[in-house]
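Everything below concerns the one structure shown next.
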There are 2 protein chains.
Amino acid sequence: MVSSTEENYLKAIFKISEKENAPASTNAIATEMKTSAASVSDMIKRLAEKELVSYEKWKGVTLKEGGKKIATGLIRKHRLWEVFLVDKLNFSWDEIHPIAEELEHIKSDELAMRLDEFLGFPKFDPHGDPIPDENGNFTFRKQVLLSEFKGQKGNIVGVDEHSTQFLQYLDRLELTLGTPIEILEKIEYDGSIRIRIKGRTEQIISNKVAQNLYIKAS
Amino acid sequence: MVSSTEENYLKAIFKISEKENAPASTNAIATEMKTSAASVSDMIKRLAEKELVSYEKWKGVTLKEGGKKIATGLIRKHRLWEVFLVDKLNFSWDEIHPIAEELEHIKSDELAMRLDEFLGFPKFDPHGDPIPDENGNFTFRKQVLLSEFKGQKGNIVGVDEHSTQFLQYLDRLELTLGTPIEILEKIEYDGSIRIRIKGRTEQIISNKVAQNLYIKAS
DNA sequence: ATATATTTTTAGATTAATCTAAAAATACTA
DNA sequence: TAGTATTTTTAGATTAATCTAAAAATATAT
Ligand SMILES: [Mn+2]
Ligand SMILES: [Mn+2]
Ligand SMILES: [Mn+2]
Ligand SMILES: [Mn+2]
């Protein structure tokens with residue numbers, strides 16, 4: 001039996017070691033889980049007992065097969081539920097995360113499968129994040145941050161930050177998923193970028209925004 | 001903050017005091033929750049502290065306003081999710097209960113509202129149980145157990161037992177919700193009943209089955 | 001009404017998950 | 001390389017939810 005808390009730790013470890021490409025440190029996990037390093041140390045031991053992670057004192061944590069399965073399963077369910085909330089219940093992309101955070105822990109595998117089918121086997125969630133298949137394999141896509149984009153034209157395909165504030169600001173700028181944009185000018189002074197949105201509106205985008213928007217060349 | 005465990009106790013208390021039309025006894029709650037009377041005694045005190053129930057030692061428990069709100073909210077969410085699972089994900093009525101048992105604890109009120117709308121504001125769940133509105137009001141319906149039915153013709157509108165075994169047996173007999181039946185003979189010997197199903201098949205139904213099937217005269 | 005049975009509560013432990021404070025190990029820096 | 005800073009672990013407590021065993025209250029039955 002794996003508790004919801006344990007599941008959340010496994011997901012955090014997955015997220016950190018994907019990003020760092022290295023074992024997850026106690027402190028990184030503590031930050032991600034918004035808890036104390038002491039609690040993390042405790043929990044890691046429990047997960048190691050259950051053979052879900054590899055762990056040597058002072059050397060960080062890596063997911064084992066079983067732990068990875070659980071982590072990617074959670075991500076899969078989280079993202080499928082997010083698609084459900086947006087596509088079927090008309091929630092907006094800035095409201096869904098906390099609800100999906102709860103829904104991802106519903107146990108039934110059958111449920112995930114049928115939900116996937118009901119939604120038409122989506123490959124990406126409402127934030128543009130890939131939805132892993134039942135084996136934990138993610139679809140990759142050629143995408144770069146707007147701040148690093150070298151081309152002329154592209155479409156918004158994802159966001160790197162998921163905060164309500166950021167997503168609502170994007171809504172206001174009409175920079176939602178799929179939106180076609182054209183680079184007009186990269187401003188040296190502060191790294192902001194002048195773009196044309198949907199072939200119409202011209203807009204200056206701050207560097208901070210550009211660093212959180214994924215573009216795919218078109 | 002009310003935990004899922006506390007929510008389940010409140011639901012159990014609601015169920016028992018509805019059926020008995022009296023305060024719920026410690027033992028009845030323990031049976032319903034599949035736990036010890038000692039644990040129930042503990043929990044009741046905690047719920048009383050939180051003003052969710054009225055409780056005097058040795059005298060049983062009654063829900064207060066707040067506790068009732070939570071209990072009916074849970075029942076509402078449970079039954080809405082059951083409708084979702086059957087109508088949208090094509091689960092059968094004998095598989096959905098344990099999944100709904102988890103889904104009912106997802107917090108968002110907005111979610112329940114939008115789910116209700118998405119499902120077309122259903123008034124009954126896949127077992128024929130009424131779905132309360134946001135204020136906890138149930139729709140009542142003239143229905144009797146088949147074993148007590150005096151009329152000639154009627155339709156199956158609900159079940160009193162929800163076990164997988166019973167529901168699958170009903171599927172086999174084609175006695176699903178909405179099915180029209182006609183009483184042909186009440187057998188004195190063992191209380192079983194000979195009926196015609198959908199104007200076609202003739203079948204003998206045991207007294208035990210008849211005691212768990214709700215009929216509405218047609 | 002008194003003895004017996006049943007129900008309910010209390011006492012005392014246990015387990016998961018958390019915390020703060022302090023100790024131990026490792027990393028960084030002059 | 002020594003000294004300081006940072007990270008990680010351990011120690012010791014706390015809280016929710018559970019358990020078994022035993023005590024206390026209530027109900028039932030002769
Ligand atoms: Mn999310
Ligand atoms: Mn997402
Ligand atoms: Mn149910
Ligand atoms: Mn039901």
Side-chain angles (χ1 to χ4, degrees), chain A residues 1-13 15-17 19-20 22-63 66-67 70-71 74 101-102 104-105 107, chain B residues 1-13 15-17 19-20 22-63 66-67 70-71 74 101-102 104-105 107:
Chain A
M1 231 287 102
V2 181
S3 71
S4 289
T5 309
E6 288 169 329
E7 288 187 332
N8 283 332
Y9 272 95
L10 293 169
K11 194 168 59 137
I13 295 164
K15 189 174 171 185
I16 293 162
S17 38
K19 183 177 276 182
E20 315 286 309
S25 74
T26 302
N27 254 8
I29 300 169
T31 305
E32 178 69 26
M33 295 291 296
K34 300 185 207 305
T35 187
S36 71
S39 301
V40 174
S41 242
D42 265 4
M43 178 56 88
I44 285 170
K45 276 178 224 155
R46 221 137 13 89
L47 294 173
E49 295 259 305
K50 294 190 178 182
E51 298 279 350
L52 296 168
V53 301
S54 303
Y55 168 61
E56 269 184 278
K57 261 196 249 182
W58 313 103
K59 293 190 175 175
V61 201
T62 329
L63 292 181
I70 292 171
L74 275 182
E101 211 55 44
E102 296 184 57
E104 70 188 7
H105 298 288
K107 298 262 146 15
Chain B
M1 233 288 101
V2 180
S3 70
S4 289
T5 311
E6 288 169 328
E7 288 186 332
N8 283 332
Y9 272 95
L10 292 169
K11 196 168 58 133
I13 295 164
K15 190 175 171 185
I16 294 162
S17 37
K19 182 177 276 180
E20 314 287 309
S25 74
T26 300
N27 253 10
I29 300 169
T31 304
E32 178 69 26
M33 295 289 297
K34 299 184 206 305
T35 188
S36 71
S39 301
V40 173
S41 241
D42 266 4
M43 178 57 88
I44 284 170
K45 276 179 221 154
R46 221 136 15 86
L47 295 173
E49 295 260 304
K50 295 191 179 184
E51 299 280 349
L52 295 168
V53 302
S54 302
Y55 167 61
E56 269 184 279
K57 261 196 249 180
W58 313 104
K59 292 190 175 174
V61 201
T62 329
L63 293 181
I70 292 170
L74 276 182
E101 210 55 45
E102 295 184 57
E104 71 188 6
H105 297 288
K107 297 263 147 15

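Below, read A as the first sequence line, B as the second, and so on, with proteins coming before strands; counting in each chain starts at 1. Remember, predicted model here, so these are calculated numbers, not experimental data.
Interatomic distance, A:I13 CD1 to A:I70 CD1, rounded to the nearest 0.5 Å: 11.0 Å. The distance from atom NZ of B:K11 to atom CD of B:E104, rounded to the nearest 0.5 Å, is 3.5 Å. Taking NZ of A:K50 as the reference point, atom CD of A:E6 lies at 3.5 Å (rounded to 0.5 Å).
Residue B:Y9 places none of its side-chain N or O atoms closer than 4.0 Å to OP1 or OP2 of D:dA16. Residue B:N27 places at least one side-chain N or O closer than 4.0 Å to OP1 or OP2 of C:dT8. Under 4.0 angstrom from either OP1 or OP2 of D:dA17 there lies at least one side-chain N or O belonging to B:S3. Note on A:K57: every side-chain N or O is 4.0 Å or more away from OP1 and OP2 of C:dT26. Contact annotation: A:Y55 does not reach the phosphate of D:dT8 (side-chain N/O to OP1 or OP2, under 4.0 Å).
Put simply, CG on A:D42 is 10 Å from C1' on C:dA16, counting in whole angstrom units. For B:I29 and D:dT18, the CD1 to P distance is 13 Å, given to the nearest whole Å. Here C:dT8 presents its C1' atom at 14 Å from CD of B:E56, a figure rounded to the nearest Å. Taking atom CE on B:M43 and atom P on D:dA17, their separation rounds to 4 Å, with Å as the unit. At whole-Å resolution of the value, NZ in A:K34 and C1' in C:dA17 are 18 Å apart. Distance A:I16 CD1 to D:dT8 C1': 15 Å, rounded to the nearest Å. Atom CD1 of B:I44 is separated from atom P of D:dT18 by 13 Å (rounded to the nearest Å). Rounded to a whole Å, the NZ atom of A:K45 is 10 Å from the C1' atom of D:dA11.
Minimum interatomic distance between B:A24 and B:I16 (heavy atoms only, all atoms of both residues): CB-CG2, 3.7 Å.
The residue B:S39 sits close to a base: some heavy atom pair falls under 4.0 Å. Residue-level contact check: B:T5 touches the backbone only, with heavy atoms under 4.0 Å from sugar-phosphate atoms and none from bases. If you check every strand for non-hydrogen atoms under 4.0 Å, B:T26 touches sugar and phosphate atoms only. No engagement by A:K59 is indicated, since no non-hydrogen atom pair under 4.0 Å with the nucleic acid exists.
Distance alone, capped at 3.5 Å, places no donor-acceptor pair between the A:K45 side chain and the A:Y55 backbone.
At a threshold of 4.0 Å, the pair A:K107-B:E101 does not count as salt-bridged, since none of the basic side-chain nitrogens sits closer than that to a carboxylate oxygen.
Of the candidate nucleotides D:dA24, D:dT9, D:dT18, D:dT9 has the atom nearest to the side chain of A:S41. Side-chain atoms of B:E6 lie closest to D:dA17 of the nucleotides D:dT8, C:dT7, D:dA17. Proximity note for A:T35 (side chain, C-beta onward) versus D:dT7, C:dT18, D:dT9: the nearest is C:dT18.
Along DNA chain C, the nucleotide closest to B:A38 and the one closest to A:A37 are compared, and the more 5′ of them pairs with B:A38.
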